[in-house]
Amino acid sequence: MELPLRLLVSVAVVGLTAPAVLGGLSVYEAEQASGRATEAVDRIVRTAQAFYLAGDGAEDVRVDLGGGVTSRVEYVMIGDAPGGARAPSASYKVSGQAAAFVLADPPVPMAGDGGPLRLGPGAHTVRVSYDGFGPVRLAEVP
């Protein structure tokens with residue numbers, strides 16, 4: 001009779017602690033995903049700024065927007081269409097959180113093909129290029 005009582009107590013303890021553990025895991029994973037998104041935006045924007053100030057250049061930048069079990073990067077958007085108002089900005093969204101917006105400082109116009117560069121979850125390679133005219137071009141390399 002003692003074994004079923006111990007089993008019952010163990011199940012009750014696990015049932016009471018599981019929501020707290022999952023809540024903590026969710027917060028941790030959201031912070032990690034936000035950090036990955038911020039780092040990806042920073043790497044791409046810093047490369048664009050360097051080429052814009054230097055006058056020309058091109059480089060492939062690898063970024064990882066992988067996620068966890070409870071939270072992930074839903075998207076990262078950088079730049080705008082050529083001449084668009086959001087050309088020097090970026091935004092990203094982590095599941096369960098509001099979208100975050102970042103403005104490049106110093107402001108550098110960036111544009112994808114026909115609009116902002118949009119990246120989803122996972123690993124990506126982004127070609128950042130500038131030929132001396134117009135906005136810095138951003139394109140995902142397959």
Side-chain angles (χ1 to χ4, degrees), residues 3-142:
L3 183 62
L5 181 59
R6 284 185 183 178
L7 184 60
L8 182 61
V9 169
S10 297
V11 168
V13 169
V14 168
L16 292 173
T17 58
V21 170
L22 286 177
L25 177 64
S26 178
V27 169
Y28 174 77
E29 285 188 341
E31 288 174 2
Q32 292 297 311
S34 182
R36 278 192 296 278
T38 301
E39 180 182 334
V41 167
D42 188 55
R43 290 183 64 211
I44 293 168
V45 169
R46 296 286 176 224
T47 304
Q49 288 170 332
F51 292 143
Y52 192 76
L53 294 174
D56 67 350
E59 183 178 333
D60 289 348
V61 178
R62 289 186 175 87
V63 295
D64 184 8
L65 301 173
V69 175
T70 61
S71 189
R72 68 185 181 117
V73 177
E74 292 184 12
Y75 67 81
V76 169
M77 289 193 329
I78 304 173
D80 202 349
R86 292 189 174 203
S89 69
S91 64
Y92 65 88
K93 178 152 180 19
V94 173
S95 54
Q97 297 183 348
F101 294 91
V102 180
L103 183 61
D105 184 26
V108 172
M110 298 170 284
D113 293 330
L117 173 70
R118 184 177 174 94
L119 303 173
H124 303 276
T125 301
V126 176
R127 177 155 300 134
V128 180
S129 61
Y130 184 61
D131 61 7
F133 300 99
V136 175
R137 295 292 184 174
L138 306 174
E140 186 173 4
V141 178

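The structure presented is a predicted model; accordingly, all values stated were derived computationally and were not measured.
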* Asked: How far apart are the C-alpha atoms of Val136 and Val128, what are their side-chain angles, what is the distance that settles it, and do they pass the side chain to side chain contact (heavy atoms under 4.5 Å, CB included) test?
  -> CA-CA 7 Å; Val136 175; Val128 180; 3.7 Å; yes
* Structure fact -> Smallest heavy-atom separation, Ser71 atom then Glu29 atom, equals N-OE1, 3.4 Å
* Quick one: pull up CZ in Arg46 and CZ in Phe51 and give me the separation to the nearest 0.5 Å. => 14.5 Å
* Check whether any side-chain heavy atom of Asp80 lies under 4.5 Å from a side-chain heavy atom of Pro116, and answer yes or no. => yes
* Got a sec: does the CG of Asp113 have more than 12 other heavy atoms crowding it under 6.0 Å? -> no
* Rounded to the nearest 0.5 Å, how far apart are CD of Glu74 and CG of Leu119? -> 14.0 Å
* Structure fact -> Here the pair of heavy atoms bringing Pro88 nearest to Leu103 is O-CD1, 3.4 Å
* Arg62 backbone acceptor or donor facing Arg43 side chain under 3.5 Å -> yes
* To the nearest 0.5 Å, tell me how far Leu53 CG sits from Tyr130 OH. => 9.5 Å
* Say whether Tyr92 and Ser34, considering side chains only, have a donor N or O and an acceptor N or O under 3.5 Å apart. => yes
* To do: Please check if atom CZ in Arg36 has more than 12 non-hydrogen atoms from other residues, nucleotides or ligands closer than 6.0 Å.
  => yes
* **Pairwise distance CD1(Ile44) to CD1(Ile78) - rounded to 0.5 angstrom** => 3.5 Å
* Asked: Which pair of non-hydrogen atoms, one from Ala104 and one from Val45, has the smallest distance, and what is that distance?
  -> CB-CG1, 3.7 Å
* Check the pair Met110 / Tyr52 against side chain to side chain contact (heavy atoms under 4.5 Å, CB included), numbers first and verdict last. => CA-CA 10 Å; Met110 298 170 284; Tyr52 192 76; over 6 Å; no
* **Leu65 to Ala40 - nearest heavy-atom pair and separation** => CD2-CB, 3.8 Å
* Looking only at heavy atoms, which two atoms of Tyr75 and Ala99 are closest? And how far apart? -> OH-CB, 3.7 Å
* Is the side chain of Gln49 donor-acceptor paired with the backbone N or O of Pro106 at a distance under 3.5 Å, no angle test? -> yes
* Asked: Can you tell me how far the CZ atom of Arg127 sits from the CD atom of Glu140, to the nearest 0.5 Å?
  -> 11.5 Å
* Kindly indicate, with the supporting measurements, whether the criterion side chain to side chain contact (heavy atoms under 4.5 Å, CB included) is fulfilled by Val63 and Val73. => CA-CA 12 Å; Val63 295; Val73 177; over 6 Å; no
* Non-hydrogen atoms of Gln97 and Ala30 that approach each other most closely -> NE2-CB, 3.5 Å
